[in-house]
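The structure appears right after this line, and notes come after that.
Small disclaimer: the values here were computed from a predicted structure and weren't measured. Along the sequence shown, the residues carry numbers beginning at 1.
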Amino acid sequence: QVQVVESGGGLVQAGDSLRLSCLVSGRTFRSNAMAWFRQAPGKEREFVAAINWSGGTTYYADSMKGRFTISSDYAKNTVYLQMNSLKPEDTAVYYCASSAAYGLRSRSSSYDSWGQGTQVTVSS
């Protein structure tokens, strides 16, 4: 089993930056791809970005390109989400997820293990 724990959320002002971290533990050999999703109040969970551990190939939702950057540190079993120029509409709970599959996918059903989420609130 793979465990996923997010950290780094908080309250920031519009225009600020924030970096989220996602630590993977347990049977990490079963984790081949990682992704960030977010869910705002009253809205469906939304794909943000994905990365694979081998090679660092990334995949972004079109609306996230430019301001958000996903990266990974294989030695630390950690995935990051750097968020710049934050806007109030970025306010959401951000979730990290792990997939045993190698491909990068945007559907939440493609991911096997999920963290509890970390709250990001952007004030105007």
Side-chain angles (χ1 to χ4, degrees):
Q1 187 175 358
V2 175
Q3 288 83 44
V4 177
V5 178
E6 307 94 337
S7 62
L11 172 64
V12 298
Q13 294 186 334
D16 286 351
S17 297
L18 200 61
R19 188 178 80 159
L20 306 182
S21 298
C22 172
L23 176 64
V24 181
S25 62
R27 296 187 174 186
T28 56
F29 63 90
R30 292 183 59 85
S31 175
N32 292 299
M34 300 293 298
W36 286 96
F37 289 78
R38 70 183 186 182
Q39 188 166 18
K43 295 187 177 181
E44 293 186 354
R45 192 165 295 187
E46 177 183 31
F47 171 73
V48 176
I51 189 169
N52 62 7
W53 287 111
S54 59
T57 303
T58 58
Y59 171 44
Y60 292 90
D62 287 342
S63 60
M64 309 298 173
K65 292 178 181 178
R67 294 190 300 121
F68 290 7
T69 303
I70 190 171
S71 62
S72 63
D73 186 331
Y74 185 77
K76 295 182 178 180
N77 288 335
T78 301
V79 174
Y80 304 97
L81 183 68
Q82 177 68 42
M83 304 184 293
N84 298 326
S85 302
L86 284 163
K87 305 174 182 180
E89 50 264 42
D90 294 319
T91 295
V93 177
Y94 284 72
Y95 296 92
C96 184
S98 170
S99 173
Y102 285 93
L104 300 182
R105 297 172 174 83
S106 61
R107 292 191 302 178
S108 59
S109 60
S110 298
Y111 295 85
D112 316 301
S113 301
W114 291 79
Q116 293 299 308
T118 185
Q119 176 70 48
V120 172
T121 303
V122 184
S123 64
S124 57

Within this structure, what is the [atom1]-[atom2] distance for the pair [X] and [Y], rounded to the nearest 0.5 Å?
| X | Y | atom1 | atom2 | value |
| --- | --- | --- | --- | --- |
| Thr28 | Gln1 | OG1 | CD | 13.0 Å |
| Asn77 | Ser98 | CG | OG | 10.5 Å |
| Ile51 | Leu104 | CD1 | CG | 8.5 Å |
| Glu46 | Ser108 | CD | OG | 12.0 Å |

Q: Report yes or no: does Glu6 contribute a side-chain atom to a donor-acceptor pair with the main-chain N or O of Gly117 at less than 3.5 Å?
A: yes
**Q.** Any donor-acceptor N/O pair, Arg107 side chain to Arg105 backbone, under 3.5 Å
**A.** no
Indicate yes or no: at least one non-hydrogen side-chain atom of [X] is less than 4.5 angstrom from one of [Y].
| X | Y | answer |
| --- | --- | --- |
| Leu81 | Phe68 | yes |
| Val79 | Trp36 | yes |
| Met34 | Cys22 | yes |
| Phe37 | Tyr111 | yes |
| Val2 | Val24 | yes |

Q) Do you reckon Leu20 sits in the same ILVMFWY cluster as Leu23, going by side-chain contacts under 4.5 Å, direct or chained? A) no
Q: List in chain and number order the residues that pass ring-ring contact (aromatic ring centres under 6.0 Å, His included) with Tyr59, two or more places apart in sequence or in another chain; answer none if no residue qualifies.
A: Phe47
Q: Scan for disulfide bond (SG atoms under 2.5 Å apart) pairs involving residues 29-81, sequence neighbours excluded, and state none if there are none.
A: none
Return the minimal non-hydrogen interatomic distance between [X] and [Y], and the atom names on each side.
| X | Y | value |
| --- | --- | --- |
| Thr69 | Tyr60 | CA-OH, 3.3 Å |
| Ser124 | Pro88 | CB-CG, 3.8 Å |
| Tyr95 | Gln116 | CE2-O, 3.4 Å |
| Ala33 | Trp53 | N-CD1, 4.2 Å |

Q.
Considering only residues two or more places apart or on different chains, which pairs with a residue in residues 2-23 satisfy ring-ring contact (aromatic ring centres under 6.0 Å, His included)?
A. none
Q: Check salt bridge (Lys or Arg N to Asp or Glu O under 4.0 Å) between Lys43 and all other residues, then give those that pass, not counting sequence neighbours.
A: none
Q: Scan residues 78-94 for pairs that pass side-chain hydrogen bond (donor to acceptor under 3.5 Å, both in side chains), counting only residues two or more places apart or in two chains.
A: Ser17-Asn84, Arg38-Asp90, Arg38-Tyr94, Arg67-Asp90, Gln82-Asn84
Q. Which other residues belong to the hydrophobic cluster containing Val5, where Ile, Leu, Val, Met, Phe, Trp and Tyr are joined when side-chain heavy atoms lie under 4.5 Å apart, directly or via other members?
A. none
